[in-house]
Each structure stands twice: as C-alpha cells, then as structure tokens.
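Working notes, beginning with the structure itself.
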There are 2 protein chains.
Amino acid sequence: MSYEFDHLRTALRKARVSFGLSQRELSGISGVQQAQISKFENGAVDLRLSSLVALFRALELELELVPRTCLPAVQSIIRTTSPKSTISRKLSARGKIAVDHVMQGLTQLDQTAKQVQYLQELIRFFERIRIPADQTKNYTRWVKYLERLHAMPIDAEKFEALLKRTEALRNQIERSQSPRSQGLSEKPAYSLDEEDGHV
Amino acid sequence: MSYEFDHLRTALRKARVSFGLSQRELSGISGVQQAQISKFENGAVDLRLSSLVALFRALELELELVPRTCLPAVQSIIRTTSPKSTISRKLSARGKIAVDHVMQGLTQLDQTAKQVQYLQELIRFFERIRIPADQTKNYTRWVKYLERLHAMPIDAEKFEALLKRTEALRNQIERSQSPRSQGLSEKPAYSLDEEDGHV
DNA sequence: TTTTTTGACATACAATACTATATCAATGAC
DNA sequence: GTCATTGATATAGTATTGTATGTCAAAAAA
C-alpha cells in the first residue's frame, strides 16, 4: 500500500522521537488523532495535506517544494545545517514553563538558601545548554516530573527527591555530552543557546 | 476554508503554467482528475498526499521536509539554482518529437533546398536555447501547430505558413530574451542547454 | 509488584476526497 | 463566424480519511 513517501513517513517519526514526544503528545499539539499518526508512521494511511501540515508544523518542519534539479543541494543543506543532536525549542519551551513554576515554588521554601540556590543553578544549567539527542528521553521525563511536582505542595522530602533527580540528570547529560571533549564538570563553557535565525 | 498551504497551491499553478501544461494535460500525466487540479489551485480541496506527490512529480518537483531553522538557506538555494525562466524538459521533449516529425517531412519536400534549410535552422534554434518564461505559451502553441501539421501532408502553402509562423516565434523570443543584452540576431552565443544534473 | 505510558489496533459514524462524466463561458485559432 | 481549448463547476456514486473511543500487550516508572 505504501505509496512513494516513505520519505516523509520516516522523517515524521524521526522528528517526533527527536523531539521527545509520544504519539499522544504530538496528537495533542497538532490536533491530529493519535491513531492517524500511528497509521501514517506505518504507511497505512494516505493523509490529507491539512493533517500533514499540522503534524509537521508542530515539529518545526516545513513542507517545501524543491525542483528536482536542486534536490541534492537542498538535501545537503538540510543534512549539514539542521540541528544535530539537540532538543527542540518546543520541548525547551515546555520545560521552561515547568521550570518557572517550580522556581517560584522554591522561593517560598524554607530549605537552607544554599540548597535552593544549588537547585536553581542546576536547573539553569539545563536552560543554558542543548540537551544531547540521546538524553532527550531522560530530559522529557524530568520535565514531566517537574510538572507533576508543580501540582502539589513541595515539602522537604519532595525537595530532597527533586534535588537528587536533577543532579542525576545533570550528571547523565555531562557524561553524554563530553565523550572526548574537556570533561569539565563545573560551569563549563558549553555552547550557548543560539536561539535561532542563523543562516 | 483555505488551510495553510496557499504556498503549495500557488506553486503548483506557477509550475504547471511554466511547463506550458493545461490542467487537462497535467491531469493526463499525473493521473489526478482535472476537476481536482482546478479545485486545489483554488483552495477548494484538501488533497491527499498521494495526489499531491503525483502532481508535483509530474512537474519535476519534490516535496521535501525542511527544519524551520534551515528554511532560509534552502529557499535561497532554490531561488539561485532553480531553472530561471526556462521551459521544462517535459515540454522540450514533446516539442522535439513534433520537430522530428516535421523535419522528416521537410526532406521530402520540393521547395528550394535553401528555404528548407532555413526552416531547419530556425527550428534547431528553439532546441538550442531555453525559451523565456513569458514565451512558453507562444512556444506551446507553435508545438501544437507542428503536431497538427504533422497529421497532414505538407504542401507548398503549408510550408509557407509554417515558415512564417516559425520566423515570427523566433523574433518574439529574441525580443523577449534580450531586453538589454546584446541584440544579436544571427546565431547568437545563447546560453546553451545544460541538460540538468548541475549542483 | 503495581501503575502508567506507549504504540498499535478496532469500531462506528461523519465528512470529504476521488472517480467519471458533463456542462458552460471565455478565450483564442482558423 | 466557427471550432477547439481552457478553466471552473456540477452531479452521483464510491472509497477513504477524520473523529471519538476504547482495548491491549509490552515497556517503563513507581
């Protein structure tokens, strides 16, 4: 049944995963039913343009029409300049919201100021760097943890757990991020967030 | 009603026209109903991916998925390296067939060899150059004229008419092609046909 | 272990594209 | 003026998507 756009099918799945989104989440963002997403990724449905565009837009992708003559050049551009092993702005934004919530909660906490400050530093660390592709899953889970936490009052015990979990994530990311670069562990000169708009 | 792909809608129409194809012709090539093409170009239908791909493939275009971050770069590439103001390979091929037919007929004609040779030169001129975008319509009509001509025996009168019409087209193209470049009229060093595959 | 999440799949109904065919007004060729 | 082409519509029947839900097993989290 598969037509001739396995191309787009696989690209969708790849993009979705690299965004750390489940089919259900992408469904929520794009408005396309999860069942449809599943079918499309498996080549069992011939989506309409509106659905396609909705899906791709949610993943910061654009459907572009390129003349066959400049196809190789375009594909090369995409390969070389597309974000390599980074987490999306979308997910970052979501994370930022959750982080903001927790940060606010922290200021009203009676832990020692030093501990609170340390946690804030850890969290800011995630905002500053780009999360490696192989850590997006962990990062997503952490964000969800934050979201859940935000729903309830944060006592000493919860704070302890959050601190521990956050520290663990930081360590995992650092280990993943510097396979052979300088193994700095304290406030390293990581490549900063270059918002976007760079051509 | 229009979704968010006026982008693709207008691109289709533009591409089709620049190929010198009518909706019915494109329908024949792509297998998509003429009614559907009309509706799509007017934003009255939400085509399925298979139809879209079929249409664009017929026009030598590919649907590519590009990350929003490298969109400007990609669009720049397309602007600079895509065939500017040329007639499609498709149409060229069609024209070539008709031309071959007529050429064969000409060799069996008892006009003065000189006149026949002149016509052949004119016709070869069209094969050598790239037809400017604003002349595709005229060129298409000329090709159709050839096709019709091919169906019947070519007598002196028909030959005369063909010669006149062909000369007229040549003049129009030359006028259009050199708005301010060298106004050469005899066998000028026009940009040759660079088949394709140039990246 | 128990609970949640995830992706694949099912089912029923509504909405709409697709097919095949035809018509029509406008345009242009002859 | 006559005829062909073109693009826009129309209609009727068919096929498929889209929608709303729900189920289920496997994997992961608690």
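Note that the structure is predicted; figures quoted are calculated from it, not measured. Just so we're on the same page: letters track the sequence lines, and every chain starts at 1.
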Heavy-atom nearest nucleotide on DNA chain C taken for B:A44 and for A:S38; more 5' hit belongs to A:S38

Comparing nearest nucleotides in DNA chain C, the 5'-proximal residue of the pair B:A35, B:L47 is B:L47

Calculate the interatomic distance between [X] atom [atom1] and [N] atom [atom2]; express it in whole Å.
X: B:L49; N: C:dC18; atom1: CG; atom2: C1'; value: 15 Å
X: A:K39; N: C:dT11; atom1: NZ; atom2: P; value: 11 Å
X: B:E25; N: D:dA4; atom1: CD; atom2: C1'; value: 13 Å
X: B:R165; N: C:dC30; atom1: CZ; atom2: C1'; value: 10 Å
X: A:E41; N: C:dA8; atom1: CD; atom2: P; value: 7 Å
X: A:L21; N: C:dT6; atom1: CG; atom2: C1'; value: 13 Å
X: B:L26; N: D:dT6; atom1: CG; atom2: P; value: 12 Å
X: B:I37; N: C:dA20; atom1: CD1; atom2: P; value: 14 Å

Under 4.0 Å, counting only non-hydrogen atoms across every strand here, what does A:S22 touch: a base, just sugar-phosphate, or nothing?
sugar-phosphate

Phosphate contact ([N] OP1 or OP2) by [X] side-chain N/O below 4.0 Å:
X: B:R48; N: C:dT16; result: no
X: B:S51; N: C:dC18; result: yes
X: A:R24; N: D:dT21; result: no
X: B:Q36; N: C:dC18; result: yes
X: B:N42; N: D:dG7; result: no
X: A:R13; N: C:dG7; result: no

query: Does A:R13 reach the main-chain N or O of A:N42 with its side chain, forming a donor-acceptor pair under 3.5 Å?
result: no

With a 3.5 Å distance limit and no angle check, can you tell me whether B:R9 reaches the backbone of B:E41 through a side-chain donor-acceptor pair? yes

To the nearest 0.5 Å, atom CD1 of B:I77 lies from atom CD1 of A:I78 at 10.5 Å

Rounded to the nearest 0.5 Å, the CD atom of A:E60 sits from the CZ atom of A:F19 at a distance of 5.0 Å

Exercise for review: Would you please classify the geometry between the A:F5 ring and the A:F40 ring as parallel, tilted or perpendicular, with 30° and 60° separating the classes?
Suggested key: parallel

The nucleotide from C:dA17, D:dG18, C:dT21 with an atom nearest the side chain of B:Q33 is C:dT21

Against the side chain of B:Q23, the closest entry in C:dC9, C:dA8, D:dA8 is D:dA8

Looking at A:Q34 and C:dA8, is any side-chain donor or acceptor paired with a base atom of the opposite kind under 3.5 Å? yes

